[in-house]
Amino acid sequence: MTPITTDSGIEIKELYTPQNSPLADVSLPGEFPYTRGVQASMYRGKLWTMRQYAGFSTAQESNNRYHYLLSQGVSGLSVAFDLPTQIGYDSDHPLADGEVGKVGVAIDSIEDMEELFKGINVETVSTSMTINASGFILLAFYVALAKKQGADLRKISGTIQNDILKEYAARGTYIYPPKASMRIITDIFEWCSNDVPKWNTISISGYHIREAGSTAVQEIAFTLSNGKAYVQAALAKGLDINVFGKRLSFFFNAHNNLFEEVAKFRAARRMWATIMKDLGATDEKAMMLRFHTQTGGSTLTAQQPLNNISRVTIQTLAAVMGGTQSLHTNGFDEALSLPTEEAAKIALRTQQIVAYESGVPETVDPLAGSFFVEALTDEVEKAALQLMEKIDAMGGSVAAIEEGFMQEQIAASAYQYQKDIESGSKISVGVNKFVSEDINKVPVFKIDESIQKIQTDKLVLLRKKRNNEKVKEILARLTTAAKGTENIMPVVVEAVENYCTLGEIADILRDVFGEY
């Protein structure tokens, strides 16, 4: 008989007893190694932050969606940026042609950022920005906006994803070579710890590793290896692990295999606490793995799209029972287009129903003590540590990425998954089983093609009215800072305050660091 396994290939026994799970980890939530959660009372004390990832078209259109989401009970905003913004091109750059405002909002200057958050007090809302290679510029825009609003920078809170290693491994929206990118990231760590202390300086992302086709085990092994590399780079710069360690956060995926996903989150917390302790952390908060979760985009199907509501519900339960600090739920139509307003509302209501009707948040770590979940937590940890040992033997994440190890592992898993779907050994309801010939009638969200011209016209006007001599002088200073060792962030903030564009700032660093 063929063994039954999890999606990571871990064999599942027919029955679990105390012999399979000796329950060696009897630690309490809020105590090292945090297997059971980073807060003693978890959701009895405070529910997770309910975010909805949104951003499309122009800043004004996205601002309208943000006001709608806030009115529906969202407690944190999560910004999606278009492809040109992600790779450091202004909307009028030839390589931006046809991509402006498509997969997220176009942000070219501080003016766009002001429009994006018009009527929203950035001191009272937590904002997550999914941006990596150009994350330092978007953070500068946000800080400049906060200053214009009169906000106390020591109170503004949020996260920039800022995880460049997973871009090389799985996603591809990088600009600069790895060493230059790591320098930018450590500059952000250093500057934020002094100037914006409540800001999470990085969200080390397993989400995109999983979306590229990895297993749950690979997701946490590669993500924690990347996290370790960022910590080592910061330590090499002389930064205090007990200070910057508290501002590290993680970003994981939630897929359909409910118990493996819960085990993955529990194992990741335990592993990270040990890694940070071994690297010299003594402050408890610097050892805590805090994470945001997004439900699995790659699990959603264009066939029978309403089935995706059920998938997202299972994934929401996995994230909550696994102890997430923040959650975004996908719209059921996201295999077809950006989510419509109706789909976004249903996705948010899914979180609210789990929060207020399911009873799941009423006790801490509700699956603790399950023979199956405890054994699976141990198995996931063991398999992930074996992978991390291989990466350490290569010299760490940067070397493993440069050698193509992570990319090859992810590609092999993605290929196997596709083979299993095609052979029918893995079931996807509505795709390879319980198929119907119904024509999909779900309305899709369409982006207006005139957005590129709107953004281009705004850029022409901006460059005419700003002080171009001042722009030239600041960009020259940025060149000097990038060539030397001084922290680039103060100059970047000054640049955006004087209406330098995203593309102009990114290009200065292209000239200094080169492109990867």
Side-chain angles (χ1 to χ4, degrees), residues 131-137 139 159-171 173-197 199-206 208-209 220-251 271-283 286-290 388-403 405-406 481-490 492 509 512-514 516:
I131 193 83
N132 297 284
S134 56
F136 67 104
I137 307 172
L139 175 59
T159 307
I160 40 170
Q161 191 163 99
N162 197 30
D163 176 5
I164 204 65
L165 291 178
K166 70 96 178 38
E167 295 295 330
Y168 302 120
R171 192 163 172 265
T173 63
Y174 43 74
I175 303 173
Y176 313 110
K179 285 187 175 63
S181 295
M182 294 295 273
R183 180 259 171 102
I184 294 169
I185 287 167
T186 53
D187 276 4
I188 292 168
F189 285 3
E190 181 181 53
W191 181 75
C192 283
S193 66
N194 295 318
D195 290 65
V196 200
W199 194 265
N200 294 322
T201 49
I202 193 166
S203 178
I204 305 156
S205 175
H208 301 98
I209 289 169
I220 59 167
F222 297 161
T223 305
L224 299 190
S225 287
N226 289 347
K228 194 171 168 182
Y230 293 125
V231 171
Q232 288 167 331
L235 289 171
K237 193 167 177 155
L239 303 183
D240 184 345
I241 193 169
N242 288 320
V243 175
F244 73 78
K246 295 176 193 174
R247 302 275 37 112
L248 304 177
S249 66
F250 288 80
F251 174 24
M271 291 164 69
W272 185 246
T274 305
I275 288 165
M276 288 297 275
K277 192 174 186 180
D278 290 348
L279 288 169
T282 54
D283 189 308
M287 299 182 220
M288 291 178 179
L289 182 145
R290 295 166 301 116
M388 290 183 76
E389 283 165 13
K390 287 183 183 177
I391 291 165
D392 286 342
M394 293 177 193
S397 271
V398 175
I401 288 164
E402 287 174 342
E403 288 180 34
F405 173 75
M406 286 192 193
K483 284 180 176 174
T485 56
E486 75 172 283
N487 194 305
I488 65 167
M489 284 306 297
V492 175
L509 298 194
V512 175
F513 298 142
Y516 187 66

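No hydrogens, no waters, no symmetry mates; every other heavy atom, side chains included, goes into these values. Numbers for residues simply follow the sequence, beginning at 1.
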Open item on the list: So does T173 get a backbone contact from the side chain of E167, meaning a donor-acceptor N/O pair under 3.5 Å?
Closed with: yes

TODO: Could you tell me whether the side chain of N242 and the main chain of D283 form a donor-acceptor pair under 3.5 Å?
DONE: yes

Task: Worked verdict on W191 versus V492 for side-chain contact (heavy atoms from CB on, under 4.5 Å) - done: CA-CA 11 Å; W191 181 75; V492 175; over 6 Å; no

Task: Heavy-atom closest contact (I391 atom, F405 atom, distance) - done: CG1-CE2, 3.9 Å

TODO: Determine the minimum heavy-atom distance between P177 and G514, stating which atoms define it.
DONE: CD-O, 3.4 Å

TODO: State, with a plain yes or no, whether a side-chain heavy atom of H208 is found less than 4.5 Å away from one of F251.
DONE: yes

- [ ] Drop me the distance from I202's CD1 to I188's CD1, to the nearest 0.5 angstrom.
- [x] 8.0 Å

Task: Worked check of side-chain contact (heavy atoms from CB on, under 4.5 Å) between L248 and M276 - done: CA-CA 11 Å; L248 304 177; M276 288 297 275; 4.2 Å; yes

Task: D187 side, atom CG; N487 side, atom CG - distance, nearest 0.5 Å - done: 4.0 Å

Task: Pair S181, Y516: side-chain N/O donor-acceptor within cut-off below 3.5 Å - done: no

- [ ] Go through R290 and N200 one step at a time and tell me if the side-chain contact (heavy atoms from CB on, under 4.5 Å) criterion holds.
- [x] CA-CA 10 Å; R290 295 166 301 116; N200 294 322; 3.6 Å; yes

Task: Heavy atoms from other residues, nucleotides or ligands near NZ of K237 exceed 12 (cutoff 6.0 Å) - done: yes

Task: Under 3.5 Å donor-acceptor, R247 side chain and W199 backbone - done: yes

Task: Non-hydrogen atoms of I164 and Y230 that approach each other most closely - done: N-OH, 2.9 Å

Task: Interatomic distance, L165 atom CG to F222 atom CZ [nearest 0.5 angstrom] - done: 13.0 Å

Open item on the list: Are I488 and R183 packed together at the side-chain level, in the sense that at least one heavy-atom pair is separated by less than 4.5 angstrom?
Closed with: yes

TODO: Specify the closest pair of heavy atoms between I209 and A170, including all atoms of both residues, with the distance to one decimal.
DONE: CA-CB, 3.9 Å

- [ ] Measure the NZ-CZ distance between K483 and F513 for me, rounded to the nearest 0.5 Å.
- [x] 11.0 Å

- [ ] Over 60° means perpendicular and under 30° means parallel, so classify the ring planes of F136 and Y176, tilted if in between.
- [x] tilted

Task: From CA spacing to verdict: side-chain contact (heavy atoms from CB on, under 4.5 Å), S397, M406 - done: CA-CA 8 Å; S397 271; M406 286 192 193; 3.3 Å; yes

Open item on the list: On a heavy-atom basis, which atom in S193 and which in V243 lie closest, and how many Å separate them?
Closed with: CB-CG1, 3.9 Å

Open item on the list: Quick check for you: to the nearest 0.5 Å, what is the distance between I220 atom CD1 and M388 atom CE?
Closed with: 8.5 Å

Task: Nearest-0.5 Å distance, OG of residue S205 to CG of residue N226 - done: 9.5 Å

TODO: Quick one: closest heavy-atom pair of L279 and L235, and the distance?
DONE: O-CD1, 3.9 Å

